[in-house]
There are 2 protein chains.
Amino acid sequence: MTPLPETFAALADDTRFAIVERLLTEGARTAGELSEVAPISAPAISRHLKVLREAGVIDQRVQGTKRIYSVNPEALRAISAWTISHRAFWEGSLNRLEQALQSKEEI
Amino acid sequence: MTPLPETFAALADDTRFAIVERLLTEGARTAGELSEVAPISAPAISRHLKVLREAGVIDQRVQGTKRIYSVNPEALRAISAWTISHRAFWEGSLNRLEQALQSKEEI
DNA sequence: TCCATTATTAACGCAAATGTTAATTAACGT
DNA sequence: ACGTTAATTAACATTTGCGTTAATAATGGA
């Protein structure tokens, strides 16, 4: 499994995040269609897709001369699992008692 | 609210991710204590803390000459909310029907 | 076969990120 | 006031990231 920081790095760029959002809301798309997400050249998009692919965030399937991309569910699952593993921290009401328990010193 | 790509960028570095993990599991810590997460200089840690702070991932409170850092729950909540907003995609059983619905063309 | 289409890889320039050491700021204790 | 501790800011070198245009690769149709 891809380390979380690498997954985050892939999603840290506006263009790449927009690509992923588009794939999530509209489903699988070709590289050409994904070029619409930002006013940059096709080679630039291609490199962003490579970064996302190498981080395991998206999958690619070849169909003729086209490359069809889709989000790898595992990537989102991994991020979700991380937030959930710390859910007690951020989901609580964060009253004074919890903050005290959270701090280094015991009460 | 901080844009998600900026939050991800803050968490995209191994050292910064380690800092956040430590704060999440052990609670608030001083800059000095957080230096232990990686074999780099104190100024380097200080800059990482600044990146995390400016991205809204951590909070700082001053106590004498010490700076005490803690994770800002809102940051984790925002990441969690994003994954949840796309939960139908990654949580499903991903059988052929769902993949078909997910793809561009209608069935 | 030849050409158009789709996409990537190559080569390059520039800006941003990350590390170092040295210098500075601020609070505390004697 | 002075020295110690805690942390940051300054200045600098090096690496990484992201964009461009030009060149290459691969498929499909006339």
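Residue numbering restarts at 1 for every chain, and letters A, B, ... go by the order of the sequence lines.
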What is the separation between atom [atom1] on [X] and atom [atom2] on [N], rounded to the nearest whole Å?
X        : N       : atom1 : atom2 : result
Ile19(A) : dA7(C)  : CD1   : C1'   : 14 Å
Ile40(B) : dA13(D) : CD1   : C1'   : 17 Å
Asp14(A) : dG19(D) : CG    : C1'   : 15 Å
Ile45(A) : dG17(D) : CD1   : C1'   : 15 Å
Leu52(B) : dT8(D)  : CG    : P     : 12 Å
Lys66(A) : dT8(C)  : NZ    : C1'   : 16 Å
Asp13(A) : dG17(D) : CG    : C1'   : 9 Å
Arg67(A) : dT9(C)  : CZ    : P     : 8 Å

Side chain of [X], heavy atoms from C-beta onward: which of [options] has the nearest atom to it?
X        : options                   : result
Thr65(A) : dT5(C), dA7(D), dA22(C)   : dT5(C)
Thr30(B) : dT8(C), dA7(D), dT18(C)   : dA7(D)
Pro43(B) : dA10(D), dT21(D), dC18(D) : dA10(D)
Arg53(A) : dT8(C), dA6(D), dT8(D)    : dT8(C)
Lys50(B) : dC18(D), dT8(C), dT9(D)   : dT9(D)

For a quick test of reading the model: is some side-chain N or O of [X] closer than 4.0 Å to OP1 or OP2 of [N]?
X        : N       : result
His48(B) : dG19(C) : yes
Gln60(A) : dT8(C)  : yes
Tyr69(A) : dT8(C)  : yes
Thr15(B) : dT18(C) : no
Ser41(B) : dT20(C) : yes

| task | Select base, sugar-phosphate, or nothing to describe what Gln63(B) touches, counting heavy atoms under 4.0 Å on all strands. | result | nothing
* To do: Determine the contact category for Ala44(A): base if any of its heavy atoms lies under 4.0 Å from a base atom, sugar-phosphate if only primed atoms, P, OP1 or OP2 are that close, otherwise nothing.
  => base
Tightest non-hydrogen contact, residues Asp13(A) and Thr15(A), listed as OD2-N, 2.9 Å
Expected output: side-chain [X] to main-chain [Y] donor-acceptor under 3.5 Å:
X        : Y        : answer
Arg87(B) : Ser80(A) : no
Glu26(A) : Leu23(A) : no
Asn72(B) : Gly56(B) : yes

Sorted by chain and number, sequence neighbours left out, ring-ring contact (aromatic ring centres under 6.0 Å, His included) with Phe8(B) holds for Phe8(A), Trp82(B)
Q. Cluster question for you: counting only ILVMFWY and a side-chain heavy-atom cut-off of under 4.5 Å, with indirect links fine, are Val51(B) and Leu4(A) together?
A. no
Look at the side chain of Arg47(A) against the base of dG17(D) and say whether a donor-acceptor pair falls under 3.5 Å; ignore hydrogens and angles. no
